[in-house]
Amino acid sequence: MDQTQTDQKVEGYIASVLVYNVMMYVGNGYAVELETRYDAQKRINLHKISDYSKLDEGWNGYNARKFTDDALRIFRDTINAIDRQPEISPTGRNSLYMQFTFEDNTMVSYELFTNRMDEVVIPYGDYSLMTDRSYNDDFSAMINKRVKEIDGSMFQRENQ
(Lines give C-alpha, C1' and ligand atoms only; values in the text may rest on other atoms or scores of the structure.)
Protein backbone atom coordinates (compact mmCIF):
# COMPACT_ATOMS: atom_id res chain seq x y z
CA MET A 1 0.00 0.00 0.00
CA ASP A 2 1.33 3.43 -0.90
CA GLN A 3 1.58 5.72 2.06
CA THR A 4 2.82 9.26 2.29
CA GLN A 5 4.09 10.18 5.70
CA THR A 6 4.08 13.75 6.94
CA ASP A 7 5.13 14.72 10.45
CA GLN A 8 2.87 17.25 12.10
CA LYS A 9 3.07 18.71 15.62
CA VAL A 10 0.27 17.52 17.89
CA GLU A 11 -0.52 19.09 21.23
CA GLY A 12 -0.14 16.68 24.16
CA TYR A 13 -0.72 12.97 23.85
CA ILE A 14 -4.04 12.95 22.02
CA ALA A 15 -4.12 11.30 18.59
CA SER A 16 -5.66 13.58 15.98
CA VAL A 17 -8.32 12.24 13.64
CA LEU A 18 -8.96 14.66 10.81
CA VAL A 19 -11.96 14.60 8.51
CA TYR A 20 -9.96 13.39 5.51
CA ASN A 21 -6.87 11.94 7.12
CA VAL A 22 -6.11 9.46 9.87
CA MET A 23 -3.39 10.57 12.27
CA MET A 24 -1.55 8.35 14.74
CA TYR A 25 0.42 9.52 17.76
CA VAL A 26 4.01 8.29 17.52
CA GLY A 27 5.69 9.96 20.51
CA ASN A 28 7.29 13.27 21.48
CA GLY A 29 4.19 15.20 20.47
CA TYR A 30 4.35 14.26 16.79
CA ALA A 31 1.91 12.41 14.62
CA VAL A 32 2.33 10.71 11.28
CA GLU A 33 -0.28 11.07 8.57
CA LEU A 34 -0.95 7.46 7.64
CA GLU A 35 -3.62 7.36 5.02
CA THR A 36 -6.88 8.79 3.79
CA ARG A 37 -10.09 7.58 5.40
CA TYR A 38 -10.91 5.37 2.42
CA ASP A 39 -7.47 3.79 2.57
CA ALA A 40 -8.10 3.09 6.26
CA GLN A 41 -11.41 1.38 5.42
CA LYS A 42 -9.67 -0.52 2.61
CA ARG A 43 -7.12 -1.86 5.10
CA ILE A 44 -9.95 -2.94 7.41
CA ASN A 45 -11.76 -4.67 4.54
CA LEU A 46 -8.60 -6.46 3.38
CA HIS A 47 -7.98 -7.61 6.96
CA LYS A 48 -11.54 -8.98 7.13
CA ILE A 49 -11.00 -10.89 3.89
CA SER A 50 -7.79 -12.31 5.32
CA ASP A 51 -9.81 -13.47 8.32
CA TYR A 52 -12.37 -15.11 6.00
CA SER A 53 -9.58 -17.37 4.72
CA LYS A 54 -9.36 -18.85 8.22
CA LEU A 55 -13.02 -19.84 8.41
CA ASP A 56 -13.62 -23.59 8.47
CA GLU A 57 -16.40 -25.59 6.83
CA GLY A 58 -19.72 -24.84 8.52
CA TRP A 59 -18.47 -21.50 9.91
CA ASN A 60 -21.95 -19.95 9.82
CA GLY A 61 -23.76 -22.83 11.52
CA TYR A 62 -25.54 -23.75 8.27
CA ASN A 63 -22.92 -25.86 6.48
CA ALA A 64 -21.21 -22.93 4.76
CA ARG A 65 -18.26 -23.96 2.66
CA LYS A 66 -14.74 -22.78 3.32
CA PHE A 67 -13.87 -19.87 1.01
CA THR A 68 -11.90 -20.91 -2.06
CA ASP A 69 -8.56 -19.32 -2.86
CA ASP A 70 -10.03 -18.05 -6.13
CA ALA A 71 -12.91 -16.33 -4.32
CA LEU A 72 -10.57 -14.72 -1.78
CA ARG A 73 -8.33 -13.44 -4.59
CA ILE A 74 -11.30 -11.92 -6.41
CA PHE A 75 -12.52 -10.31 -3.16
CA ARG A 76 -9.06 -8.79 -2.49
CA ASP A 77 -8.61 -7.61 -6.08
CA THR A 78 -12.04 -5.97 -6.07
CA ILE A 79 -11.55 -4.21 -2.72
CA ASN A 80 -8.12 -3.00 -3.86
CA ALA A 81 -9.57 -1.57 -7.09
CA ILE A 82 -12.68 0.24 -5.87
CA ASP A 83 -12.49 3.92 -4.95
CA ARG A 84 -15.09 4.15 -2.18
CA GLN A 85 -15.00 1.37 0.37
CA PRO A 86 -18.17 -0.48 1.41
CA GLU A 87 -19.12 -2.32 4.55
CA ILE A 88 -18.43 -6.01 3.85
CA SER A 89 -19.39 -9.38 5.27
CA PRO A 90 -18.99 -13.00 4.20
CA THR A 91 -21.87 -15.15 3.01
CA GLY A 92 -22.36 -18.89 3.20
CA ARG A 93 -22.41 -19.06 -0.63
CA ASN A 94 -18.65 -18.50 -1.16
CA SER A 95 -19.41 -14.85 -1.89
CA LEU A 96 -18.75 -11.42 -0.43
CA TYR A 97 -21.57 -9.04 0.51
CA MET A 98 -20.74 -5.34 0.06
CA GLN A 99 -23.00 -2.45 1.03
CA PHE A 100 -22.85 1.29 0.39
CA THR A 101 -25.27 3.60 2.20
CA PHE A 102 -25.72 7.22 1.15
CA GLU A 103 -26.93 10.29 3.04
CA ASP A 104 -30.38 10.16 1.39
CA ASN A 105 -30.84 6.56 2.70
CA THR A 106 -30.16 5.07 -0.73
CA MET A 107 -28.53 1.68 -0.31
CA VAL A 108 -26.53 -0.15 -2.96
CA SER A 109 -25.45 -3.70 -2.25
CA TYR A 110 -23.40 -6.19 -4.19
CA GLU A 111 -22.92 -9.90 -3.74
CA LEU A 112 -19.65 -10.85 -5.37
CA PHE A 113 -19.16 -14.42 -6.54
CA THR A 114 -16.23 -15.82 -8.52
CA ASN A 115 -18.15 -15.63 -11.83
CA ARG A 116 -20.76 -12.89 -11.33
CA MET A 117 -21.86 -10.00 -9.18
CA ASP A 118 -25.44 -9.20 -8.20
CA GLU A 119 -26.47 -5.60 -7.51
CA VAL A 120 -29.49 -4.34 -5.55
CA VAL A 121 -30.32 -0.62 -5.38
CA ILE A 122 -32.90 0.71 -2.92
CA PRO A 123 -33.39 4.45 -3.60
CA TYR A 124 -34.12 6.60 -0.54
CA GLY A 125 -34.61 3.46 1.56
CA ASP A 126 -37.89 2.82 -0.30
CA TYR A 127 -38.04 -0.92 -1.03
CA SER A 128 -40.90 -0.39 -3.50
CA LEU A 129 -38.35 1.32 -5.80
CA MET A 130 -35.81 -1.52 -5.55
CA THR A 131 -33.98 -2.62 -8.69
CA ASP A 132 -31.58 -5.49 -9.23
CA ARG A 133 -29.22 -6.67 -11.94
CA SER A 134 -26.25 -8.96 -12.45
CA TYR A 135 -22.83 -8.40 -13.98
CA ASN A 136 -20.46 -11.02 -15.39
CA ASP A 137 -17.16 -9.13 -15.58
CA ASP A 138 -15.32 -5.90 -14.73
CA PHE A 139 -16.68 -6.00 -11.19
CA SER A 140 -14.57 -3.23 -9.69
CA ALA A 141 -15.05 -0.93 -12.70
CA MET A 142 -18.82 -1.43 -12.50
CA ILE A 143 -18.89 -0.75 -8.75
CA ASN A 144 -16.87 2.46 -9.21
CA LYS A 145 -19.14 3.59 -12.04
CA ARG A 146 -22.42 2.79 -10.30
CA VAL A 147 -21.43 4.26 -6.91
CA LYS A 148 -20.32 7.50 -8.60
CA GLU A 149 -23.57 7.64 -10.62
CA ILE A 150 -25.73 7.12 -7.55
CA ASP A 151 -23.70 9.48 -5.36
CA GLY A 152 -23.70 12.08 -8.14
CA SER A 153 -27.44 11.84 -8.70
CA MET A 154 -27.99 12.39 -4.97
CA PHE A 155 -25.77 15.51 -5.13
CA GLN A 156 -27.74 16.81 -8.12
CA ARG A 157 -31.08 16.28 -6.32
CA GLU A 158 -29.83 18.18 -3.27
CA ASN A 159 -28.64 21.14 -5.36
CA GLN A 160 -31.74 21.61 -7.56
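A quick note: this is a predicted structure, and the numbers were derived from the prediction, not measured.
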Query raised in the report: Side-chain heavy atoms under 4.5 angstrom apart, residues restricted to Ile, Leu, Val, Met, Phe, Trp, Tyr: same cluster for Ile74 and Leu72?
Result: yes
**Report entry** Contact check, side chains of Tyr52 and Ile49, non-hydrogen atoms, under 4.5 Å
**Finding:** yes
Query raised in the report: Is Glu111 salt-bridged to Arg93, going by a charged N under 4.0 Å from an acidic O?
Result: yes
Query raised in the report: Can a salt bridge be assigned to the pair Lys145 and Asp138 using a cut-off of 4.0 Å between side-chain N and carboxylate O?
Result: no
Requested in this report: Could you grab the distance from atom CG of Asn63 to atom CZ of Arg65, nearest 0.5 Å is fine?
Outcome: 11.5 Å
Requested in this report: List for me each residue that meets side chain to side chain donor-acceptor pair (under 3.5 Å) alongside Thr91, sequence neighbours excluded, and say none if there are none.
Outcome: Ser95
Report task. Could you tell me which residues satisfy side chain to side chain donor-acceptor pair (under 3.5 Å) with Ser134, sequence neighbours excluded, listed by chain and number? Result -> Asp118
Query raised in the report: Where do Phe139 and Asn115 come nearest, in terms of heavy atoms and distance?
Result: CZ-C, 3.9 Å
Query raised in the report: More than 12 heavy atoms of other residues, nucleotides or ligands under 6.0 Å from CG of Asp69: is that the case?
Result: no
Query raised in the report: Would you say Lys148 and Asp83 make side-chain contact, with heavy atoms under 4.5 Å?
Result: yes
Report task. Can you label the angle between the Tyr110 ring and the Tyr135 ring as parallel, tilted or perpendicular, going by 30° and 60°? Result -> tilted
Report task. Evaluate the criterion side chain to side chain donor-acceptor pair (under 3.5 Å) for residue pair Thr68 and Asp70; output intermediate values, then yes/no. Result -> CA-CA 5 Å; Thr68 65; Asp70 192 34; 5.5 Å; no
Report task. Take Glu119 and Arg133, measure what salt bridge (Lys or Arg N to Asp or Glu O under 4.0 Å) needs, and give me the verdict at the end. Result -> CA-CA 5 Å; Glu119 174 191 74; Arg133 65 173 82 167; 3.5 Å; yes
Query raised in the report: What distance separates Asn144 CG from Arg146 CZ, expressed to the nearest 0.5 Å?
Result: 12.5 Å
Report task. Spell out, yes or no, whether Ile44 and Phe75 are grouped together once hydrophobic residues are joined by side-chain heavy atoms under 4.5 Å, including indirect joins. Result -> no
Requested in this report: Start with the C-alpha distance between Asp151 and Arg84, add both sets of side-chain angles, then the distance that settles salt bridge (Lys or Arg N to Asp or Glu O under 4.0 Å), and finish with yes or no.
Outcome: CA-CA 11 Å; Asp151 200 23; Arg84 182 175 176 164; 3.4 Å; yes
Query raised in the report: Under a 4.5 Å cut-off applied to non-hydrogen side-chain atoms, are Met98 and Leu112 in contact?
Result: yes
Query - Same cluster (ILVMFWY, side-chain, under 4.5 Å), Leu46 and Ile82 - result: yes
Query raised in the report: To the nearest 0.5 Å, what is the distance between CD1 (Ile79) and CD1 (Ile88)?
Result: 5.0 Å
Query raised in the report: Between Tyr127 and Val120, is any pair of side-chain heavy atoms under 4.5 Å apart?
Result: no
Query raised in the report: Lys42 side chain to Gln85 main-chain N or O, any donor-acceptor pair under 3.5 Å?
Result: no
Requested in this report: Would you give the length of the straight line joining atom OG of Ser89 to atom CG of Asn45, rounded to the nearest 0.5 angstrom?
Outcome: 10.0 Å
Report task. State whether Lys48 and Asp51 are salt-bridged, where the test is any N-O pair (Lys NZ or Arg NE/NH1/NH2 against Asp/Glu carboxylate O) under 4.0 Å. Result -> no
Query raised in the report: Between Phe113 and Met142, is there a shared hydrophobic cluster once you connect ILVMFWY residues whose side-chain heavy atoms come closer than 4.5 Å?
Result: no
Query - Residue pair Trp59 / Pro90, side-chain heavy-atom distance below 4.5 Å - result: yes
Report task. Determine, using the 4.5 Å side-chain heavy-atom cutoff (strictly less than), whether Ile150 and Tyr97 are members of one ILVMFWY cluster. Result -> no
Report task. Report yes or no: do Thr106 and Asp104 form a side-chain donor-acceptor pair below 3.5 Å? Result -> yes
